[in-house]
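Because only heavy atoms are used, hydrogens play no part in the values below, and waters and symmetry mates are left out as well, while side chains stay in. Letters go in sequence order (proteins before strands), and every chain restarts at 1.
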Amino acid sequence: MAEFLSLHDAVARYVEDGATVAMEGFTHLIPFAAGHEVIRQKKRDLTLIRMTPDLIYDQLIGAGCAKKVIFSWGGNPGVGSLHRLRDAVEKGWPRRIEILEHSHAAMACAFEAGAAGLPLAVLRGYVGSELPNVNDQIKFIECPFTGERLAAVPAVRPDVSIVHAQKADRKGNVLVEGIVGVQKEAVLAAARSIVTVEEIVEDMTAEPDYHPNACIIPGWAIDAIAVAEKGALPSYAHGYYPRNNRFYKEWDAIARDRDAFTAWIEENVMNAGGNA
Amino acid sequence: MAEFLSLHDAVARYVEDGATVAMEGFTHLIPFAAGHEVIRQKKRDLTLIRMTPDLIYDQLIGAGCAKKVIFSWGGNPGVGSLHRLRDAVEKGWPRRIEILEHSHAAMACAFEAGAAGLPLAVLRGYVGSELPNVNDQIKFIECPFTGERLAAVPAVRPDVSIVHAQKADRKGNVLVEGIVGVQKEAVLAAARSIVTVEEIVEDMTAEPDYHPNACIIPGWAIDAIAVAEKGALPSYAHGYYPRNNRFYKEWDAIARDRDAFTAWIEENVMNAGGNA
Amino acid sequence: MSIEYTSSEMMTVTAARALENGMTCFVGIGLPSEAANLARLTHAPDVVLIYESGTLQTKPDVLPLSIGDGELAESALTTVAVPEMFRYWLQGGKISVGFLGTAQIDRYANLNTTLIGDYHDPKVRLPGGGGAPEIATNAGEVFITLKHSKRAFVKDVDFVTTLGFGRDGKGRDGVPNIGKGPTRVITDLCVMKPDPETKELTVVSLHPGVSREDVIEATGWEIRFAGELESTPEPSAKELDILRELKARTERQHAGE
Amino acid sequence: MSIEYTSSEMMTVTAARALENGMTCFVGIGLPSEAANLARLTHAPDVVLIYESGTLQTKPDVLPLSIGDGELAESALTTVAVPEMFRYWLQGGKISVGFLGTAQIDRYANLNTTLIGDYHDPKVRLPGGGGAPEIATNAGEVFITLKHSKRAFVKDVDFVTTLGFGRDGKGRDGVPNIGKGPTRVITDLCVMKPDPETKELTVVSLHPGVSREDVIEATGWEIRFAGELESTPEPSAKELDILRELKARTERQHAGE
């Protein structure tokens with residue numbers, strides 16, 4: 001049952017050192033505010049799962065929170081590399097991290113399987129790719145009906161998933177709208193979940209834009225809800241604010257340099273209280 | 001690419017004798033008008049797939065269209081048995097039909113797998129049930145990661161799927177709203193699809209109740225669209241008309257008796273032109 | 001007691017009381033649906049009712065005739081596709097209790113909704129499994145409610161559509177990721193629970209005015225009784241009022257077109 | 001010709017022309033997205049553009065910077081969850097053409113977006129596979145567009161992230177339910193197609209003003225040329241106008257916060 005907590009308390013209670021954490025949001029609704037709180041609380045040895053690690057994981061990796069990253073596309077979309085991810089992988093700064101990489105199709109299916117309570121996802125995937133050579137979590141099974149060889153990957157089952165959404169109501173029901181990504185799957189697949197939202201409304205079903213098939217996650221399937229206004233910036237929230245594309249471009253220069261990065265984190269995360 | 005046809009022409013073109021046909025609609029939006037057209041055109045030897053064969057399949061079976069039914073729950077919801085289904089299974093009238101039965105979970109997963117282009121669906125199902133003893137399409141596989149025994153069923157891949165929906169626009173994009181069942185999966189899983197709709201609107205995305213995550217099937221994923229006003233009656237169409245519960249109850253008496261049934265079909269289907 | 005009530009009402013009220021506020025209940029149509037909605041309208045306003053048609057957290061004003069009545073979608077928090085319902089919500093482990101009816105039940109609480117007689121030459125063809133086979137194994141626990149009769153309560157079901165505890169009571173032993181199974185069976189005569197060891201259904205509570213003999217006579221095997229046999233509490237006036245209003249509303253609505 | 005254009009524009013226009021009206025195109029970010037939207041704004045108004053973020057049939061007014069920009073959802077017919085996108089729409093066989101970019105490509109059109117150097121001690125770590133591995137096998141066919149250079153066009157990719165025709169050209173032989181694979185590669189110098197037999201990429205058309213030597217010099221293997229080498233038609237004034245307007249609109253929008 002969703003409990004309304006401050007972002008500080010939600011992260012303090014549910015994100016433990018060494019935990020497997022999925023922060024999702026496919027380009028849209030990326031939980032930056034929550035990620036910054038994880039950095040401020042100096043969480044360590046996290047296994048970070050995310051289809052598209054972008055700036056938020058670059059920041060967590062550069063800040064030394066991660067020991068392992070499971071992903072399928074790690075870049076600054078439309079801009080270039082994640083320099084902190086590369087520095088960690090290529091040079092081991094601030095620590096060496098392990099990576100386990102998939103394709104998007106496999107990750108998406110693995111989240112789906114996690115939500116569906118299955119141990120594995122089966123897909124027609126990885127044909128001819130060399131990813132199975134470097135990821136021992138990719139296996140192949142034979143269809144008992146057709147004999148076709150299909151790929152299998154383990155379901156994603158994080159200790160805690162963190163997502164950002166447009167709004168929650170007083171009962172803790174959460175609306176995700178627009179590009180919904182794998183957020184619902186991430187929440188349902190996880191043992192615990194934190195959802196940050198732009199605002200709290202009285203009753204979701206009484207909202208003027210209520211729709212009978214809207215993507216609503218019921219409050220009883222969520223552990224903690226925290227209000228984090230503009231909590232997805234520099235990513236965006238459909239219906240609330242646009243993506244700060246300029247910051248995404250600026251990040252390239254900040255992240256290229258260890259000192260510039262460290263200064264940025266100090267100023268904009270560590271010393272920003274709960275406001276970053 | 002969706003072509004706008006009369007219901008007669010759509011059924012004549014895409015439903016061939018001997019075909020495997022899925023008419024879906026989970027209690028809601030059941031394509032009765034299309035089913036009646038199939039009866040009028042005296043289609044024969046159909047393999048009929050449907051999670052919940054209710055009155056529509058009772059009518060098709062009684063009219064002699066079916067040679068096989070694949071289903072997971074065959075009854076008159078809240079009322080009792082499907083007497084035509086029982087008469088065919090128990091007494092072979094008007095012809096003996098073969099049945100292949102699943103659980104809802106397996107059928108739902110099989111439709112999902114069909115839509116997903118996979119040959120099989122994997123689920124945690126049929127544990128302790130004797131259904132696998134009488135359905136040789138239920139197999140078991142071992143998870144390569146955990147060793148857990150999981151059920152596998154073949155994907156549903158009909159020759160043609162027929163569903164009813166609220167509306168289509170001029171480009172053939174179709175909105176399904178409310179209880180969406182497995183309609184989208186049925187359409188995507190099939191080689192061909194016919195969608196009957198209550199009405200045609202200009203542009204789906206310009207409708208006043210448009211929603212960014214609405215269940216819309218694009219026109220290019222559909223073969224034929226036919227207008228069939230009240231085409232789901234005695235089932236219902238969310239936002240258009242309610243279920244005719246009284247008819248569902250009356251059906252029990254009609255279907256109990258072969259002659260009463262035959263007379264009903266003559267009067268209400270065969271002699272009703274395109275209006276039943 | 002001066003309150004009058006029928007044995008059906010006694011059954012429904014007792015079944016309703018089994019549900020607790022905050023449970024997420026996957027609801028079967030018919031008696032389970034009646035009991036679950038009564039619970040929601042009385043002591044458990046926050047019980048979450050889920051129907052296999054995809055309607056999540058629904059609050060129908062009248063009882064649905066079918067598992068997918070419009071009322072269910074209109075009063076739901078949201079409605080999801082049926083594959084999602086079975087995959088994410090049921091198999092995904094979000095359901096605390098599955099509430100089922102059945103045509104036949106045996107001493108190990110196995111359920112038969114497939115057929116009477118031989119599978120390939122049935123005496124009576126029943127509707128089939130529907131959601132039950134996976135509800136019974138993927139929900140945290142299962143409540144069952146049906147009328148007591150020798151035809152329904154048989155020593156061995158003709159067909160195990162849905163697992164209770166298997167033909168030998170050991171059907172869940174060692175199976176990973178499986179729910180507790182049937183934890184109580186509520187009839188118009190009594191409440192039964194599986195014996196903690198053997199899993200055989202045992203009467204733990206008799207409804208007021210019902211004798212051991214009544215139960216023995218309506219059960220197709222040598223039914224056992226718990227050492228400390230309880231007497232089921234009677235329905236309250238409020239419960240009966242609400243139940244009767246609910247049924248009257250339902251009847252009025254279903255009589256119309 | 002009096003129209004002036006850059007080699008990048010030539011590439012984009014040529015890539016755009018590869019798309020036909022009515023195709024359903026799974027669009028990669030960057031150059032493919034630019035070309036696909038140019039096609040939609042010129043000769044193929046009904047080309048269906050699909051982005052892996054779940055946006056179905058989208059018509060962005062400006063080019064997205066990321067694969068999931070708000071513009072994509074706002075101009076889409078509908079937006080589905082990412083698992084559905086990969087399962088129902090891509091793997092389900094609804095995509096006629098996947099349009100991809102890449103960091104490295106080899107003579108058998110295998111793509112590398114994973115890393116340069118050794119996997120466990122990379123010289124350069126690239127973003128990874130993303131949607132490409134399954135787009136390349138589940139779409140009906142694949143178009144690839146990237147700038148021509150020796151660094152990009154290598155004899156053998158350091159890592160096969162995404163199957164072209166395998167390290168020996170036979171990677172699709174006998175594989176059930178697999179698309180045709182790369183059918184053309186469009187660069188700023190030329191158009192290449194796989195040889196029907198060997199599957200080795202072969203230049204079939206040179207862009208105006210480009211010589212064989214230019215291509216040879218920019219390719220990391222002994223590139224072959226088709227017997228009947230065509231000259232790629234030049235961009236039209238209308239295509240260039242629309243492309244430039246599109247890029248200008250995009251730049252203005254992305255410069256703002």
What's the shortest heavy-atom distance between B:Tyr210 and D:Leu77, and which atoms?
OH-O, 2.8 Å
What part of B:Pro218 gets closer than 4.5 Å to chain D, counting heavy atoms only: side chain, backbone, both or neither?
both
Is it true that atom CZ of B:Arg149 has more than 12 heavy atoms of other residues, nucleotides or ligands lying nearer than 6.0 Å?
no
Identify which of B:Met204, B:Lys171, B:Met1, B:Glu185 forms the greatest number of heavy-atom pairs closer than 4.5 Å to chain D.
B:Glu185
Against chain B, work out which of D:Thr24, D:Leu90, D:Thr78 has the most heavy-atom pairs shorter than 4.5 Å and name it.
D:Thr78
Counting heavy atoms not belonging to B:Gln137, are there more than 12 under 6.0 Å from its CD?
yes
Could you go through the salt bridge (charged side-chain N to carboxylate O under 4.0 Å, His left out) check for B:Lys184 and D:Glu84 one step at a time?
CA-CA 11 Å; B:Lys184 181 162 150 181; D:Glu84 175 177 328; 2.6 Å; yes
Does NZ belonging to B:Lys167 count more than 12 external heavy atoms closer than 6.0 Å?
yes
Identify which part of D:Asp46 has an atom lying under 4.5 Å from any heavy atom of chain B, answering side chain, backbone, both or neither.
side chain
Side chain, backbone, both or neither: which part of B:Asn213 has a non-hydrogen atom closer than 4.5 Å to chain D?
both
Might you confirm whether atom CD of D:Glu200 has over 12 heavy atoms from other residues, nucleotides or ligands at distances under 6.0 Å?
yes
Side chain of D:Tyr88, backbone of B:Gly114: donor and acceptor closer than 3.5 Å?
no
Residue pair B:Leu188, D:Trp89: steps toward the side chain to side chain contact (heavy atoms under 4.5 Å, CB included) verdict:
CA-CA 9 Å; B:Leu188 298 183; D:Trp89 300 95; 3.8 Å; yes
Residue B:Ala115 versus chain D: region with a heavy atom under 4.5 Å:
both
Just give me the residue among D:Glu74, D:Lys94, D:Gln91 that pairs up with chain B most often, heavy atom to heavy atom, under 4.5 Å.
D:Gln91
